[in-house]
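So the structure is just underneath, and the comments pick up after that.
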Amino acid sequence: MVPVTAEPVADRGAWFRVENGSTGSAVRRAAERMGNQLGLPAGRIADLAIVAAELTSNLIKHADDGLLLLRPVRREVDAGVEMIAIDTGPGMVDLADSARDGHSTAGTLGIGLGAIVRQASWFDAYSRPGRGTVIAVRVFAEPDTGASWVGGLTRPLTGETVSGDGYASRTVGDRRQVMVTDGLGHGPLAAAATDAALTAFRDAPAASPAEVVGHLHRAMSHTRGAAVAVAEPDPAAGVLRYAGLGNITGVVATGDGGRRGLVSLPGIAGHQRPVIRQYDYPFEAGSLLLMHTDGVVDRWQLTDYPGLAGREPLVVAATLLRDAGIRRDDAGVLVARSWS
């Protein structure tokens with residue numbers, strides 16, 4: 001039997017709208033509480049508090065429409081805390097200069113972004129003047145190993161506490177697969193359908209994307225159903241294998257700025273007997289796979305974001321969610337890159 005190593009179903013975490021100091025204090029306390037629950041040592045929880053305080057302080061002082069996602073992140077050997085700060089402006093002209101100790105645009109000591117970089121186990125960011133900034137930070141007990149091949153995040157409909165959208169990734173022998181799902185409707189029942197899809201994906205046999213989608217369909221018959229799509233990038237063969245049901249958007253963005261849409265067939269996983277078909281697409285070195293639910297408007301172009309394609313997949317996903325996500329629906333984005 002081919003071994004299957006699945007990443008745990010990700011905790012959805014909590015979104016905070018960061019508008020004043022009281023929100024900053026709430027984020028810091030929540031981060032410390034999460035660090036304690038995950039077993040981080042006292043010194044790293046103190047570092048985590050610094051990161052939370054500086055991120056929220058920067059959002060309050062500099063940002064328009066500042067948001068922060070706080071959630072646990074797990075590795076094979078341990079777990080840590082991840083924070084993603086997002087704003088719509090004004091953005092930074094030079095991120096590297098802004099991260100230098102002593103740099104300040106608000107009359108402060110200029111230690112905010114530099115302190116975040118120093119305390120973090122992993123850090124990445126993207127900023128563009130007039131468009132805003134995305135900062136992603138992870139704090140583990142030990143240093144992070146660096147770049148990841150996949151990243152994603154979801155955001156619930158305004159007024160809801162849980163999102164019906166979800167994503168997951170797993171390793172199947174020497175192959176890697178990703179999934180995006182959109183539970184029918186909104187709220188807890190949509191989230192329950194997505195949770196069933198995530199669990200079924202984790203437990204699915206080592207098989208092609210089409211066979212995995214069939215497994216998800218059979219495993220979700222007790223739920224209200226969901227749109228689902230499964231992809232398997234194979235950079236060695238230069239191919240992406242893809243199968244989808246329902247309204248999941250899949251795109252391959254090539255290194256030269258090209259964009260190729262992926263086919264998902266009509267249907268709802270868990271209901272009736274859908275037609276499931278797999279399609280293969282070219283997937284050259286330097287390509288990105290982007291998948292998102294219908295809570296993200298499909299009018300974005302990576303060419304509108306100079307340098308973004310070279311950032312970490314999580315930062316790419318957060319930037320697209322910020323600019324193309326709509327507030328009247330759950331929204332989810334996953335980004336995966338080719339690897340050597």
Side-chain angles (χ1 to χ4, degrees), residues 10 134 149-157 163-169 176-186 190-191 193-194 197-198 201 209-210 212-213 216-217 220 225-233 239-255 257-270 274-283 287-305 308-309 313-338:
V134 169
W149 69 281
V150 63
L153 69 169
T154 64
R155 185 184 67 199
L157 165 76
S163 174
D165 294 352
Y167 68 91
S169 61
R176 294 171 173 175
Q177 293 181 334
V178 297
M179 181 195 68
V180 170
T181 174
D182 182 351
L184 206 61
H186 309 292
T194 276
L198 294 170
F201 178 70
V212 172
V213 170
L216 300 180
H217 169 66
M220 296 174 62
V228 299
V230 175
E232 183 181 308
V239 170
L240 175 82
R241 303 176 182 94
Y242 186 87
L245 285 177
N247 215 3
I248 302 294
T249 296
V251 172
V252 170
T254 58
R259 173 181 160 132
R260 180 182 296 110
L262 312 180
V263 174
S264 284
L265 298 179
I268 301 172
V275 175
I276 301 171
R277 188 169 297 146
Q278 181 173 305
Y279 298 89
D280 293 353
Y281 301 90
F283 196 63
S287 296
L288 285 178
L289 166 67
L290 301 101
M291 299 167 64
H292 59 76
T293 64
D294 62 359
V296 177
V297 179
D298 186 26
R299 289 197 296 267
W300 52 266
Q301 294 287 343
L302 280 185
T303 51
D304 293 337
Y305 301 89
L308 179 60
L314 176 59
V315 171
V316 180
T319 302
L320 293 184
L321 181 69
R322 179 196 66 193
D323 291 352
I326 58 179
R327 298 298 177 87
R328 63 181 183 274
D329 197 0
D330 299 329
V333 184
L334 175 142
V335 176
R337 68 169 67 256
S338 61

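Bear in mind that the values here come from a model prediction, so they are computed numbers and not experimental data. Because only heavy atoms are used, hydrogens play no part in the values below, and waters and symmetry mates are left out as well, while side chains stay in.
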Inset, instruction - With side-chain contact (heavy atoms from CB on, under 4.5 Å) as the test, would you mind laying out the steps for T293 and I248 before giving the verdict? - result: CA-CA 5 Å; T293 64; I248 302 294; 4.2 Å; yes
Legend entry - R260 atom CZ, neighbour heavy-atom count above 12 within 6.0 Å: yes
Inset, instruction - Output yes when a side-chain donor or acceptor of S287 lies under 3.5 Å from a complementary backbone atom of V252, and no otherwise. - result: no
Legend entry - Option passing side-chain contact (heavy atoms from CB on, under 4.5 Å) with P274 (candidates L245, I268, V213): L245
Inset, instruction - Under the side-chain contact (heavy atoms from CB on, under 4.5 Å) rule, what do Y281 and V263 come out as? Steps first, then yes or no, please. - result: CA-CA 10 Å; Y281 301 90; V263 174; 3.5 Å; yes
Inset, instruction - Spell out, as yes or no, whether a donor-acceptor pair under 3.5 Å connects the side chain of H217 to the backbone of G270. - result: yes
Legend entry - Sequence-distant partners of D298, salt bridge (Lys or Arg N to Asp or Glu O under 4.0 Å), two or more places apart: R259
Inset, instruction - Start with the C-alpha distance between V230 and L216, add both sets of side-chain angles, then the distance that settles side-chain contact (heavy atoms from CB on, under 4.5 Å), and finish with yes or no. - result: CA-CA 10 Å; V230 175; L216 300 180; 4.0 Å; yes
Inset, instruction - Look up atom CG in D165 and atom CZ in R155, then write down how far apart they are to the nearest 0.5 Å. - result: 10.5 Å
Inset, instruction - Determine the minimum heavy-atom distance between L320 and L302, stating which atoms define it. - result: CD2-CD2, 4.5 Å
Inset, instruction - Measure from the side-chain N and O atoms of Y167 to the backbone N and O of L334, and report whether any donor-acceptor pair falls under 3.5 Å. - result: no
Legend entry - G151 versus P313, closest heavy-atom pair with distance: N-CB, 3.5 Å
Inset, instruction - Would you confirm whether D330, through its side chain, and G164, through its main-chain N or O, come within 3.5 Å as a donor-acceptor pair? - result: yes
Inset, instruction - Decide yes or no on side-chain contact (heavy atoms from CB on, under 4.5 Å) for R337 and V335, but give the supporting numbers first. - result: CA-CA 7 Å; R337 68 169 67 256; V335 176; 6.0 Å; no
Inset, instruction - Check side chain to side chain donor-acceptor pair (under 3.5 Å) between T254 and all other residues, then give those that pass, not counting sequence neighbours. - result: D256
Legend entry - Donor-acceptor contact present, side-chain R241 to main-chain A210, <3.5 Å: no
